[in-house]
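Reckoned from all heavy atoms, side chains included, excluding hydrogens, waters and symmetry mates. Throughout, a chain's letter reflects where its sequence line sits, starting with A, and its residues are numbered from 1.
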2 protein chains.
Amino acid sequence: MSRIQTQQKILDAAESLFAETGFNDTSLRQITSRAEVNLAAVNYHFGSKKALIQAVLQRYLKVVMPRLEHQFEVLLARQKPTQLPEVLAVFVQPLLELEQIKRQGTTLFLQLLGRGYTDVQGHLRKFISHHYGSVLNKFVLLVQQSCPGLDAAEIFWRLHFSLGTVVFTMASSEALFDIAAADYHQQADIESVIRRLLPYLAAGIAAPVIYPEQLNSMAQAAS
Amino acid sequence: MSRIQTQQKILDAAESLFAETGFNDTSLRQITSRAEVNLAAVNYHFGSKKALIQAVLQRYLKVVMPRLEHQFEVLLARQKPTQLPEVLAVFVQPLLELEQIKRQGTTLFLQLLGRGYTDVQGHLRKFISHHYGSVLNKFVLLVQQSCPGLDAAEIFWRLHFSLGTVVFTMASSEALFDIAAADYHQQADIESVIRRLLPYLAAGIAAPVIYPEQLNSMAQAAS
DNA sequence: CCTCATTTCAAACACCCGTTTGAAATGTAC
DNA sequence: GTACATTTCAAACGGGTGTTTGAAATGAGG
């Protein structure tokens, strides 16, 4: 069998299992079994399990990240700062196009992203900020321009809150889809969730700051 | 050594390791080693690793949940619906009081909550909704009353978005604290993060709904 | 067809896991 | 102080993990 066929089969089996079970809880024997490939093939073709994980993520990142970077550059080249909802909407198209590259591509990628951030703490964060730091910087700059009332630290926290929202929602998206279907008789897909996410995130990021005194008065009023 | 001393030492060691490394990636040997206790002690006193995990979580849940339920009942007994920020502020006091019960109690509990929701998919969700379903129902009811413009399904999704924000932020709080200290010269603690979280969550949950047409026009405008 | 590099394969490696066991130690009541 | 129950302990159990090995099979070029 040709080299690329085996590698492809391993990557396909690995990404689906990683998305379902997480990185640490998926064994190489499960992967090679689903890929119908010998156990040793992973270490022969990729070197190690860690390298396989990176390869699985890179297959999507190398497609999504350049498109995001280009869109961010377009917005940054404008004369006036872009509105926050428009900045966030940049993510929609590139993410949904992953669906064309591969069936369930968007869901798989976002689930993998979620797993990567929650499974092995910090690894994925460092990997992305190291390889795609310029993309992140442009995004943060756009958000800062759209929210002149917020200082850099506040934006840092709110963007991480938003990352948590996305990552957690996608990591547990299957369970959420099931609950939504059972309790609210609505069949949810990845696009409808993205559609629901955007206004939530935009409102959260741009929320007015509440100062400590107000928090205390709120807590007292509730007791 | 008395029974409760050994059990306490195991619970203390387990919860800190669980919070740091997650449930699946923490071994009983690590726990008993940190607790300075024999390996077999966990199975002798708790029965199994799964039962130990539940015991660790229950130590906090049995304190927090009744307090939350009482506060929710007070708000529900009012004549007029409560404002959303006030509903969310209910969580602050009970969570911060965990700090008095045990040093770092609030952080530990929220980290454990995050781990429980992301590590073993669905287990903790079922456990909480089974044992504390009435508390959750009262909270959801209060949110619905405070946001009459949102239907039940929209609120379901937005509350899960918010759960994701909290859980992810707390699971990776150590890393975020470090970054915030290094990049923004601000020492962050759990209370300051909660203070930043509330306005973000309140704005996100109460955000105006955006309909598909607007989303499309937004995406096009950005391209 | 022979040669040589690439790829596959079964088997084994060393290690870590949660759990169990049965004896030794400790605590407790009479 | 003896008798009994509780708790601790070292050791082992069966099973799963990622990785390595060396031989067998398959590929491509002269």
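The CD1 atom of I10(B) sits 11 Å away from the P atom of dC9(D) (whole-angstrom rounding). Rounding to whole angstrom units, CD of residue Q5(B) and C1' of dT8(D) are separated by 14 Å. Between the C1' atom of dA5(C) and the OH atom of Y44(A) lies a distance of 9 Å, rounded to the nearest Å. Residue I53(B) contributes atom CD1, which lies 14 Å from atom C1' of dC17(C) at whole-angstrom precision. The distance between atom CD of Q7(B) and atom P of dT6(D), rounded to the nearest whole Å, is 14 Å. Between N38(B) atom CG and dT8(D) atom C1' there is a gap of 6 Å when expressed in whole angstrom units.
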Inset, instruction - Give the intermediate values and the outcome of side chain to side chain contact (heavy atoms under 4.5 Å, CB included) for residues T26(A) and R115(A). - result: CA-CA 12 Å; T26(A) 300; R115(A) 298 292 187 180; over 6 Å; no
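Partners of F91(A) under the ring pair (Phe, Tyr, Trp, His ring centres under 6.0 Å) rule, at least two apart in sequence or in another chain, are F72(A), F139(A). The side-chain contact (heavy atoms from CB on, under 4.5 Å) check on S173(B) picks up T107(B), Q111(B), F177(B), with sequence neighbours excluded.
The shortest non-hydrogen separation linking T32(B) to R29(B) is OG1-O, 3.3 Å.
For an aromatic pair to be called close, the ring centres must be under 6.0 Å apart, and H123(A) with F127(A) fails this.
In summary, E154(B) and R158(B) engage in a salt bridge, as defined by a charged side-chain N under 4.0 Å from a carboxylate O.
Taking 4.0 angstrom as the limit, H45(A) places none of its side-chain polar atoms (N or O) nearer than this to OP1 or OP2 of dT6(C). One finds no side-chain N or O of T6(A) lying less than 4.0 angstrom from the OP1 or OP2 phosphate oxygen of dT7(C).
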For nucleotides 16-18 of chain D, give me every protein contact, N/O to N/O, under 3.5 Å, one pair per line with atom names.
residue : atom : partner : partner atom : Å
dT17(D) : OP1  : S27(A)  : OG           : 3.1
dG18(D) : OP1  : L28(A)  : N            : 3.4
dG18(D) : OP1  : K49(A)  : NZ           : 2.9
dG18(D) : OP2  : L28(A)  : N            : 2.9
dG18(D) : N7   : R29(A)  : NH1          : 2.9
dG18(D) : O6   : R29(A)  : NH2          : 3.0

